[in-house]
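Comments concern the structure below.
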Amino acid sequence: MAKITIRGNMATALGAKLCRPDVVPAYPITPSTLFPEKISEYIADGEMDAEMIRVESEHSAMSACIGASACGARVCTASASQGIALMSEMMFIAAGMRLPIVMAVGNRALSAPINIWCDHQDTISQRDTGWLQFYAEKNQEGLDLMIIAFKVCEDKRVLLPATVGIDAFVLTHTIEAVDVPDQKLVDEFLPKYKPELYLDPSKPMTFGSFGTPEFYQEFKYAQTKAIEKASEVIDEVFAEFKEKFGREYKKITPYKCEDADVIILTMGSMSGTARAAVNKMREEGKKVGCCKLTVYRPFPGKEIVDLTKNARVIAVLDRDISPGFGGALYGEVAAQFINESKHPLITNYIIGLGGRDVLIEDFEEIYDKSIDAVKKGRVEKPVEWIHLNKEVL
Amino acid sequence: MEKEMYEVRFHGRGGQGAVTAATILADAAFREGKDVQAFPIFGVERRGAPVAAFMRMDTKPIDLKTQIYEPDSIVVLDPTLLDVIDVTKGLKEGGKIIINSSKKASEFKFGKAKVYTIDATKIAVKHGLGTKTNPIVNTAILGAYSKAVGNVSIEAIEEAIGEKVPRKKEENKKAAREAYEVTRGE
Amino acid sequence: MVKKVIYGNHAVSYGARDARAEVIAAYPITPQTQVVELLSEFCASGELKAKFIKVESEHSAMAACVGASAAGARAFTATSSQGLALMHEMLHWASNARHPIVMANINRAMGPPWNIWTDQNDSISQRDTGWLQFYCSTNQEVYDTTLMTFKICENDKVLLPGMLVLDAFVLSHTSEVVDMPLQEEIDEFLPPYRAKYKLDLDDPRAFGGLMFPDWYYELKYKQHTSMEEALDVIEKVGKEFGDRFGRYYGLVEEYRIEEAEIVLIVSGTIAQTSKEAVDILRKEGMKIGLVRMRTFRPFPKEKIRKIASKVNKMIVIDRNISFGSEGAFFTETKACLYNEKDRPMIFGVIIGLGGRDVTVEDIMKIAKKGKEGKFKVNEINWWGVKL
Amino acid sequence: MKLTIPEEELMYEGTVDCQGCGAGLAMRYALKALGKKTFVVIPACCWSIIAGPFPYSALQVPLYHTAFETAAVVSAGIKAALDMKGIDATVMAWAGDGGTFDIGIQALSAVAERNDDIIYVCYDNEAYMNTGIQRSSATPYKAWTTTTPRKYPKARPKKNIDEILVAHDIPYVATASVAYPEDFIRKMKKAKDIKGTRFIHVLAPCPTGWRSLPEHTIKLARLAVQTNIFPLYEVENGKYKINIKPKNPKPVEEYLKLQGRFRHLTGEDIKEIQEATNKKWKKLLRKEEFF
């Protein structure tokens, strides 16, 4: 095992390389471009034995992934923002075809106007397509989650694709120390992909043909059951990963939550800052904790309830917005709690869109607002925006 | 709380290697057991345009993912930037500024900040780094940083150069060492 | 006033014609094709003075609408399923750039496996793109909603694109009587679009340029608040439409909810089927009512809260599913009620994916099972899965 | 000395393009030719940055930024709206090679097939420069990019986009170069007066991506023509006309050796490129002769 300092993009590329993919179709887009660059380099240097398809668009990138995966190859790609949006149609198909493709994403805001910085809108907008979704807090997680994602996705009980999100610039372009697992250990952890069903001239089969109303619903039922099952498989794979590599992952990781009045729920890189903020506030005697969500699909609703139900307020932070509703994560957390016996107040903060930096003081403001809700006994504005610059409104 | 985290901001122009400088410094500090982060200003880089890069190190694991607003020291790769932007913005009281300049440190005045100068351009040209019109000064100025700030050793910087610089590794190491030897404060 | 027996698809075409769409860009896809066919005829015959751009893909259809709208024209398109998914990138674009484009989406299941019949997965999956969404349940409503959507979207307080949604085949290919007002009356209701901001030679500006984090966050805030303001605009436009033409539309349609203990939350054509079920169950003495979600974006939170405060049980019937989560209407109904003091027990049922027929009997059984509290809580209750 | 190009500037000074950027220069010339009654559409490309971030604009004409693959069709949408409003103006799509040769070709082909009334200009810097030098299908044979490393440089020739457009039977297709501004401006003006889809392909050297000196931009653009690597010609209603026929074409090596992206080329490689260039040039001469 070697510890080196690398960018987030390089971490996901290295993670991909360790998984020995057979085919890597990719198209450049800021901030994920380093991924195809690195893969090109690995292949040129003989460090990696894979076919790289330098496609002409992201729609084709995902289409090529689908073709290769349907033939039984291990496949990965990388994209972001507009690229993800352009491949959206094919993401439905990858999931519906039950193909375990893994995609590294540099989570970036969507146009218009053009904005290359971080938010989660690109992948959150694909929440209904049937992909598993992982979000990394740091580069180490970016690398590890690539390996974990393949193992989960290729599990016979799952057979679905996954995204591994790393925040634009905050991770993609930031150098951090990363422990690179030994290839041998990864090989043991993630053996060669051997699907039972694939396009094969010796056993000709048709994939994705017409599904009349007589059968269609059962396809979608099976797909739903598979992504629900993934929840269990993820736990197993996390445990196995810890045993093999020593690093622990959870779908949702609590920090100082046991006695917390306020629990802040986060995804992605801001989770680290949240912990720093919690430490600062704890020193000031504030009973606050935070929870980091690593898995967003399948939605770990029950786990969230278990870890946060004793708080007085759950502050759900969304680095995305479903306009006309609120944050996506918030909606799903609140929905999960409704028929539970415990009813903490749930507030929603839209934060960090388009690369607005998420600061320690933002968490302090969120804490204050949450405590205010406790005092009033109710949530006045379920969806709040942090630090709006009133001058430009 | 005793502050162990140390933050540095680099100013340069696109193509001069400010981002690489931050990367090398982070890697060097990492070699000495620190946890590190290095990142560019989250913008769009164009050759010749002012750019900034950042480095954060700590003896403890770093949780923080914010940008750096109040650096402990500042490194200026291109003296012409001094007329264009306020390079001292947010600098902590008693912070240090390392400037690539042929002038003496005493010729600069930035409040209470302690100034160090190094003619990194001359050193870079001497070691054949970049061209005369476009010298790559990032390794030389890191030697100066090591001397001026003292929290990352010149040996670690040399090692990091060996790892992170794609070409002319030895020349770059020599440039850093030479700068380290000659750097003087005001 | 003209009354005609027409397909749901043609109700869209007539609606776009009578709204005097100026630029139409569309690509054929089953089951939407008739919409563009009839619009082509209108354009060819001169009945509609519009530029029809016969694009090569849905992605380009939306891109052309974006261009046309940016230059100040009233732009229209129609699509379905995979076509809508292919537009995804440009859907975000149209909304973020605040272009009041109107689109009809014929609800069709997403492949694979290929399926041309109805469910809502296509439109539900676009819930985060910033488009208004109206779900229709009759051809008359399809026609009326086409007109109203333009008026709502072009309102200064809104300036967002809007999607009217109708079920594949069940509406798109079903003939019903549609009452169409006279053009003069419609023109009075819906005057020509005068864009407040547009590409203009006399006032040259750049649209959509790189926006730094210093502003982008506020832009999204305004997009969201405009969507919230649309709630009021939708009601006002619905009322004005009713005052002029006699048919009133709100954010939701309430059906026999007076003194109801149990309420079904439904959308699309399932609502019509459900009304029959409610009638029968009421006769049998069950205190049941129905709420038809006409508007999904913006989500009519206050309406739902008000209704929920008076009932014991709610059953949300979704003809869609967010894989790894639940039905979209179910999740969001629960979420909007969460912080309320008085809230009913809520169950969610998934039904009719990929065009599986939904019968009065199905709905009656669901209602009865719900009344007895026999559904699983916080889990998906599938209806009619054959295993 | 008499100025041989229009004096009017419709592009502001102080844009953020790199030193020696050919694309910046190209826009300046294009707008001089088209004048004020022009709408510009820019998809994702270097020019989405050069045109200035919000709230700035580098151009004195209306400008719409759009998604990568949509320049052609958004332009068609704008033109349709202008027609409905009775506004007579030129709509110019302005895209890089990635947005034209690759991701945008579907919409461009459709626009050309419908003969929508727009001018489409591709400023070609032969790779994805805005994301940091990845190969596109406009990248020349054997060139280095970050996705075609020196050990495995690009294995296929540059896509012949001009002939693809010619095959659409559109009224006007032309190539141009920033080293020949009079020729470029003349072509833009000619295009302006034609109805239907007009396609102009202008070679715009990129010092950052070509690994060349900023001061060599014009020299390289000129050498590309003088070596017949990038011939200047136009096809009007199917009729070919070569605008510049170098009497003694310079060896391609002169062009290649000034660029770091070709640094790894062997003598054998250069010979191969020379032969391919000669062959392509001969083909073009024949086309001029027969069509």
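Only heavy atoms go into these numbers, but all of them, side chains included; no hydrogens, no water, no symmetry mates. In what follows, chains carry the letters A, B, and so on, assigned in the order in which the sequence lines appear, proteins first and then strands, with residues in each chain numbered from 1.
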Next on the checklist: If you count heavy-atom pairs within less than 4.5 Å of chain C, which of D:Asp116, D:Thr70, D:Thr66 leads?
Outcome noted: D:Thr66
Next on the checklist: So which residue, D:Leu59, D:Val61, D:Val74, ends up with the most heavy-atom pairs under 4.5 Å with chain C?
Outcome noted: D:Val74
Next on the checklist: Do D:Met84 and C:Arg74 make a side-chain contact, defined as non-hydrogen atoms from C-beta onward lying under 4.5 Å apart?
Outcome noted: no
Next on the checklist: Take a 6.0 Å sphere around NZ of C:Lys222 and say whether it holds more than 12 heavy atoms from other residues, nucleotides or ligands.
Outcome noted: no
Next on the checklist: Below 4.5 Å, heavy-atom pairs only: which of C:Ser57, C:Ala73, C:Ala68 has the largest tally toward chain D?
Outcome noted: C:Ala68
Checklist entry - Which answer fits C:Glu89, side chain, backbone, both or neither, if we ask what part of it has an atom under 4.5 Å from a heavy atom of chain D? => result side chain
Next on the checklist: Atom NZ of residue position D:Lys85 - does it have more than 12 heavy atoms of other residues, nucleotides or ligands inside 6.0 Å?
Outcome noted: yes
Item to check | Region of D:Gln60 in contact with chain C, defined by heavy-atom distances below 4.5 Å | outcome: backbone
Checklist entry - Are any side-chain N or O atoms of D:Arg114 and backbone N or O atoms of C:Ile53, one a donor and one an acceptor, separated by less than 3.5 Å? => result no
Checklist entry - For chain C, which of D:Ala67, D:Ser57, D:Ala107, D:Ala76 has the most heavy-atom pairs under 4.5 Å? => result D:Ala67
Next on the checklist: For the NE2 atom of D:His65 and the CE atom of C:Met211, what is their distance to the nearest 0.5 Å?
Outcome noted: 11.0 Å
Item to check | Other residues, nucleotides, ligands: >12 heavy atoms within 6.0 Å of D:Glu182 CD | outcome: yes
Checklist entry - Given a strict heavy-atom distance threshold of 4.5 Å, which part of D:Glu69 is in contact with chain C: side chain, backbone, both, or neither? => result side chain
Item to check | Heavy-atom contact with chain C under 4.5 Å, split by part of D:Ile42 | outcome: neither
Next on the checklist: Only pairs of heavy atoms separated by less than 4.5 Å count here; which of C:Gly209, C:Ser69, C:Gly67, C:Cys65 has the most with chain D?
Outcome noted: C:Gly67
Checklist entry - So which heavy atom on C:Pro204 is nearest to which on D:Pro62, and how close? => result CB-N, 3.5 Å
Checklist entry - With distance as the sole test, does C:Lys51 use its side chain to make a donor-acceptor pair with the main-chain N or O of D:Asp83 at under 3.5 Å? => result no
Next on the checklist: Quick check: do D:Ser109 and C:Glu56 have side-chain heavy atoms less than 4.5 Å from each other?
Outcome noted: no
Item to check | Most contacts with chain C, counted as non-hydrogen pairs under 4.5 angstrom, among D:Ala80, D:Ala89, D:Ala110 | outcome: D:Ala80
Checklist entry - Which pair of heavy atoms, one from D:Val73 and one from C:Ser60, lies closest together, and at what distance? => result CG2-O, 3.4 Å
Checklist entry - C:Lys198, C:Lys54, C:Met62: which one forms the most heavy-atom pairs within less than 4.5 Å of chain D? => result C:Lys54
Checklist entry - Side chain, backbone, both or neither: which part of C:Ala61 has an atom under 4.5 Å from a heavy atom of chain D? => result neither
Checklist entry - Atom OG1 in D:Thr38, atom CG in C:Leu201: separation rounded to 0.5 Å? => result 8.0 Å
Checklist entry - Is the D:Phe54 ring parallel, tilted or perpendicular to the C:Trp215 ring (thresholds 30°, 60°)? => result perpendicular
Checklist entry - What residue, out of C:Ala97, C:Ala71, C:Ala25, has the most heavy-atom pairs lying under 4.5 Å from chain D? => result C:Ala71
Item to check | Region of C:Met90 that comes under 4.5 Å of a non-hydrogen atom in chain D | outcome: side chain
